[in-house]
Amino acid sequence: MTTNYYIPPEQISGSYVVLPAEEAKHAGQVLRKRVGDVITAVDGVGGWYAVELTKVEKRRVAGMIRETKREVGEPEFQLTVGLGLLKNQRRFEMFVEKAVELGVSRIIPLTTARTEKSSHRTERMHKVLVAAMKQCGRSRLVQLDAVTGWDDVLAMGGFEQKFVCHEKANSGDVILGALDPRSTSALILIGPEGGFSEKEVDSAVERSFMSVSLGSRRLRAETAGIAACAGVMLKAAQIALRS
């Protein structure tokens with residue numbers, strides 16, 4: 001399996017790139033790369049590069065860009081997912097990792113009536129995002145919003161479709177059937193442990209969100225998030241293939 005490296009834009013000057021310290025250590029000391037080897041790297045803003053190494057030292061690894069591509073691994077459908085903060089940080093991190101792999105463009109950590117946390121470890125979450133981007137072959141770093149309140153997320157615009165997942169939604173209103181094949185973007189909201197309150201669901205529906213179901217079984221919050229992402233992204237890919 002080809003290993004992608006993460007080289008932020010500020011580490012790229014023209015065709016010359018310098019690997020960040022952690023990536024340099026991995027290339028030089030772990031994988032034993034040498035001058036003349038070609039590695040693949042992404043910059044987190046849509047750039048993909050084949051880089052020929054010209055310097056491999058203990059504290060510095062650098063090279064020249066020999067090939068450039070754009071938007072490698074990035075889907076056309078833009079999916080934003082808001083998930084209530086979870087008591088167990090690792091469960092939220094697992095959701096973030098899988099959301100990146102599935103092609104989500106943006107993740108919004110939510111505070112709701114039933115969330116028991118109001119923050120997350122930002123630095124740790126960034127590492128999860130970077131690792132997942134490299135592992136699954138994407139070239140854009142998924143946007144992770146600051147922790148957002150319920151009223152603020154309901155007021156967000158710019159989405160062609162908006163869904164709120166709720167276990168009491170009509171079982172016939174499954175999210176896959178509700179996705180408009182003409183849409184190119186969507187916002188999905190998923191509650192924390194215990195889900196959304198009925199008041200929250202009502203307020204979302206009043207703001208043009210569609211209340212949808214993820215099936216007849218009760219899912220953990222992070223599982224619900226992964227299921228929603230997988231379903232929508234696979235459905236969007238299927239629609240794109242048919243068009």
Side-chain angles (χ1 to χ4, degrees), residues 4 9 42-48 68-84 95-110 125 128-130 132-146 148 150-166 169-170 172-191 196 201 203-215 219 221-243:
N4 278 346
V42 293
D43 60 11
V45 291
W48 177 99
T68 301
K69 298 179 182 179
R70 295 293 303 172
E71 307 301 336
V72 171
E74 295 303 314
E76 293 183 9
F77 192 87
Q78 300 294 299
L79 177 60
T80 297
V81 180
L83 174 65
F95 162 74
V96 168
E97 177 185 75
K98 302 311 175 187
V100 173
E101 292 178 27
L102 290 166
V104 167
S105 300
R106 179 181 173 190
I107 297 170
I108 306 173
L110 300 175
M125 204 65 73
V128 172
L129 290 169
V130 170
M133 174 184 66
K134 295 193 300 179
Q135 184 277 327
C136 72
R138 294 184 66 173
S139 52
R140 281 192 177 273
L141 195 61
V142 169
Q143 177 181 330
L144 180 66
D145 284 25
T148 303
W150 186 245
D151 291 338
D152 290 330
V153 76
L154 294 188
M156 289 180 177
F159 307 102
E160 293 180 18
Q161 287 193 276
K162 298 187 292 185
F163 304 104
V164 56
C165 295
H166 186 46
N170 188 318
D173 294 330
V174 178
I175 192 169
L176 295 187
L179 187 66
D180 188 333
R182 298 166 297 181
S183 67
T184 59
S185 66
L187 168 63
I188 302 174
L189 302 183
I190 296 154
F196 293 124
V201 174
S203 63
V205 171
E206 289 173 1
R207 300 295 291 269
S208 300
F209 281 77
M210 181 182 294
S211 177
V212 293
S213 166
L214 293 175
L219 306 177
E222 71 276 12
T223 306
I226 294 168
C229 295
V232 169
M233 294 308 295
L234 287 172
K235 183 71 172 182
Q238 183 183 51
I239 292 169
L241 288 172
R242 289 176 176 174
S243 61

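One is the number of the first residue; the rest follow in order along the sequence.
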Participant: Which distance, rounded to the nearest 0.5 Å, do you find between the CG of Leu234 and the CG of Leu179?
Facilitator: 11.5 Å
Participant: Do the side chain of Ser185 and the main chain of Gln78 share a donor and acceptor less than 3.5 angstrom apart?
Facilitator: no
Participant: So, for Lys134 and Asn4, which heavy atoms are closest and what is the spacing to 0.1 Å?
Facilitator: CD-O, 3.2 Å
Participant: Using side-chain heavy atoms (C-beta onward) and a distance below 4.5 Å, is Phe77 in contact with Ser183?
Facilitator: yes
Participant: Considering all heavy atoms of both residues, which atom of Val104 and which atom of Cys229 are nearest to each other, and what is their separation?
Facilitator: CG2-SG, 3.5 Å
Participant: Would you say that Leu144 contacts Pro109 through its side chain, given a criterion of any heavy-atom pair below 4.5 Å between the two side chains?
Facilitator: yes
Participant: Looking only at atom types and distance, does a side-chain atom of Glu74 sit under 3.5 Å from a main-chain N or O of Ser139, one as donor and one as acceptor?
Facilitator: yes
Participant: With a sphere of 6.0 Å drawn around CZ of Arg70, does it hold more than 12 non-hydrogen atoms of other residues, nucleotides or ligands?
Facilitator: yes
Participant: Apply side chain to side chain contact (heavy atoms under 4.5 Å, CB included) to the pair Val212 and Cys165, showing each step before the final yes or no.
Facilitator: CA-CA 5 Å; Val212 293; Cys165 295; 3.9 Å; yes
Participant: I'd like to check Met133 versus Arg140 (side-chain heavy atoms, cut-off strictly below 4.5 Å). Are they in contact?
Facilitator: no
Participant: Could you verify whether a donor N or O on one side chain and an acceptor N or O on the other, from Thr184 and Glu76, lie under 3.5 Å apart?
Facilitator: no
Participant: Are any non-hydrogen side-chain atoms of Phe95 and Ile190 less than 4.5 angstrom apart?
Facilitator: no
Participant: For a 4.5 angstrom cut-off between non-hydrogen side-chain atoms, does Pro75 reach Arg138?
Facilitator: yes
Participant: Say whether, by atom type as modelled, one donor and one acceptor occur between the side chain of Gln161 and the main chain of Ala178 under 3.5 angstrom.
Facilitator: yes
Participant: Can you tell me how far the NE2 atom of His166 sits from the CG atom of Leu189, to the nearest 0.5 Å?
Facilitator: 13.0 Å
Participant: Ile107 and side-chain contact (heavy atoms from CB on, under 4.5 Å): which single residue from Leu83, Asp145, Val96, Thr80 fits?
Facilitator: Val96
Participant: Indicate the atoms forming the closest heavy-atom contact of Val153 with Phe209, along with that distance.
Facilitator: O-CZ, 4.3 Å
Participant: Could you walk me through whether Val100 and Val128 satisfy the side chain to side chain contact (heavy atoms under 4.5 Å, CB included) test, starting with their C-alpha distance in whole Å, then the side-chain angles of each, then the deciding distance to 0.1 Å, before giving a yes or no?
Facilitator: CA-CA 9 Å; Val100 173; Val128 172; over 6 Å; no
Participant: Hey, could you give me the CD/CD1 distance between Glu97 and Ile226, rounded to the nearest 0.5 Å?
Facilitator: 9.0 Å
Participant: Please identify which of these residues, Ile188, Leu187, Val81, meets the side-chain contact (heavy atoms from CB on, under 4.5 Å) condition with Phe163.
Facilitator: Ile188
Participant: Taking all non-hydrogen atoms of both residues, which atom of Lys162 and which atom of Met156 are closest, and how far apart?
Facilitator: NZ-O, 4.1 Å
Participant: For Leu154 and Ser203, work out which heavy atoms get closest and say how close.
Facilitator: CD1-OG, 3.6 Å
Participant: Taking all atoms of both residues into account, what is the closest heavy-atom pair of Val201 and Ser211, and its distance?
Facilitator: CG1-OG, 4.1 Å
